[in-house]
Amino acid sequence: MATPSPYVVDDCRGVLQVFSDGSITRSAKPSFNIPVHDDGSVLYKDSLFDPTHDLHLRLYKPAQPPSGHKLPILYYIHGGGFCIGSRAWPNCQNYCLRLASDLRAVVVSPDYRLAPENLLPAAVEDGFAAVKWLRDQAESEEPDSWLADVADFSRVFISGDSAGGNIAHHLAVRLGAGSTELGPVRVRGYVLLAPFFGGTVLTRSEAEGPTDAFLNWELIDRFWRLSIPVGETTDHPLVNPFGPASPPLERLDLDPILVVVGGADLLKDRTEDYAKKLKSWGKKVEYVEFEGKQHGFFTIDPNSHAAKELMLIIKQFIAANSS
């Protein structure tokens with residue numbers, strides 16, 4: 001009797017496919033087939049930050065930085081449910097170009113190991129490694145001049161989109177207020193853009209969200225199944241910051257956090273609850289909700305009115321927390 005051919009059991013936007021025999025294929029093509037809008041006003045280059053896992057980050061800076069003072073550093077950790085995405089995807093690159101240009105900042109966009117080949121906590125560990133790379137640059141007697149000539153290591157902000165927002169949260173908790181273990185590098189705040197959190201008890205927006213949403217429940221569930229450690233549930237501490245086994249955050253000192261979500265995002269209720277709980281515990285948290293907007297609205301259309309408004313909010317957050 002002939003052995004049946006393997007068939008696809010999980011498909012993530014056509015980029016990642018998991019087959020019935022456990023094999024995995026990844027397409028070299030990103031799920032966003034859009035052009036890169038590079039007008040030359042921002043320079044960028046790649047650097048290796050983790051030789052062990054062959055992980056790179058992409059650095060961006062204005063082609064004509066202002067003279068007389070150095071620029072803040074903004075990490076932008078891409079999303080993709082821990083399963084897909086890259087610093088080199090055009091949607092990520094377009095948004096980083098805009099961030100560097102509009103914020104007048106040095107932008108650092110790191111890659112991280114993806115699931116299911118690399119289950120959590122791999123991605124979170126890689127996010128920390130990318131920040132330690134910056135510390136090494138700041139402490140080096142021969143730092144990368146492309147970075148050091150314009151970057152202010154004492155004004156660092158860590159942002160993340162979706163899964164990247166989840167990573168940013170865990171970095172905020174790990175580093176604590178003042179980020180003392182980073183030496184000359186000083187993190188001033190965090191920007192969580194629709195952070196990808198979960199839990200075994202569904203929120204209303206997760207349970208009742210439209211099936212045709214950009215990030216619908218079927219895809220959310222698939223991302224979690226493929227990324228969490230074997231035998232764990234979505235109450236795992238890396239998934240649910242308020243789960244039964246999660247570390248208590250009430251007494252932890254945190255740097256300021258800006259939390260952003262679209263009102264039509266299935267992650268809206270969980271994101272709002274996250275911000276409200278932290279704020280009730282005395283953390284410096286600002287919550288902004290964009291009415292009617294879906295998940296990732298700012299990268300899907302960075303020229304939209306909402307995306308431009310968000311850019312101003314981020315700019316104000318950086319200015320308010322830079323001293």
Walk me through it: do V36 and L97 pass the test side-chain contact (heavy atoms from CB on, under 4.5 Å)?
CA-CA 9 Å; V36 173; L97 289 168; 4.0 Å; yes
Go through the steps to decide whether N303 and R98 satisfy the test side-chain hydrogen bond (donor to acceptor under 3.5 Å, both in side chains), and finish with yes or no.
CA-CA 9 Å; N303 293 312; R98 290 297 299 268; 2.5 Å; yes
Just say parallel, tilted or perpendicular for the rings of Y274 and H169, cut-offs at 30° and 60°.
perpendicular
Parallel, tilted or perpendicular for F223 and F196, by the 30°/60° rule?
perpendicular
Salt-bridge present ([X], [Y]; N to O < 4.0 Å):
X	Y	answer
D255	R186	yes
D144	K45	yes
R113	E117	no

Decide yes or no for [X] and [Y]: does some side-chain heavy atom of the first lie under 4.5 Å from some side-chain heavy atom of the second?
X	Y	answer
W133	S47	yes
H236	L120	no
T271	F197	no
S31	W89	yes

Would you check, one step at a time, whether the test side-chain hydrogen bond (donor to acceptor under 3.5 Å, both in side chains) holds for D161 with Y76?
CA-CA 7 Å; D161 165 19; Y76 176 77; 3.0 Å; yes
In Å, rounded to the nearest 0.5 Å, how long is the span from [atom1] of [X] to [atom2] of [Y]?
X	Y	atom1	atom2	result
D102	K308	CG	NZ	9.0 Å
H53	E125	NE2	CD	8.0 Å
E218	T211	CD	OG1	9.0 Å
N91	N33	CG	CG	11.0 Å

Shared hydrophobic cluster for [X] and [Y] (ILVMFWY, side-chain gaps under 4.5 Å):
X	Y	answer
I318	Y75	no
L258	L252	no
V173	L182	yes
V259	V191	no

Run the side-chain contact (heavy atoms from CB on, under 4.5 Å) test on V107 and Y44 for me, step by step, so that the C-alpha distance in whole Å, both residues' side-chain angles and the decisive distance to 0.1 Å come before the verdict.
CA-CA 9 Å; V107 175; Y44 59 92; over 6 Å; no
Does R13 make a cation-pi contact with F214 (under 6.0 Å, within 45 degrees of the axis)?
yes
F242 six-ring face occupied by K277 cation (under 6.0 Å, within 45°):
yes
When the aromatic ring centroids of H78 and Y112 are compared, is their separation below 6.0 Å?
yes
Under the side-chain hydrogen bond (donor to acceptor under 3.5 Å, both in side chains) criterion, do D39 and S41 qualify, and how do the steps go?
CA-CA 6 Å; D39 61 5; S41 64; 2.7 Å; yes
Only residue of I228, V239, L238, I167 satisfying side chain to side chain contact (heavy atoms under 4.5 Å, CB included) with F82 is I167
Do L103 and F157 pass the side-chain contact (heavy atoms from CB on, under 4.5 Å) test, and can you show the C-alpha distance, the side-chain angles, and the key distance before you say yes or no?
CA-CA 12 Å; L103 300 178; F157 294 82; over 6 Å; no
Just do the side-chain contact (heavy atoms from CB on, under 4.5 Å) check on K61 and W146 with the steps written out, would you?
CA-CA 9 Å; K61 66 179 180 179; W146 198 95; 3.5 Å; yes
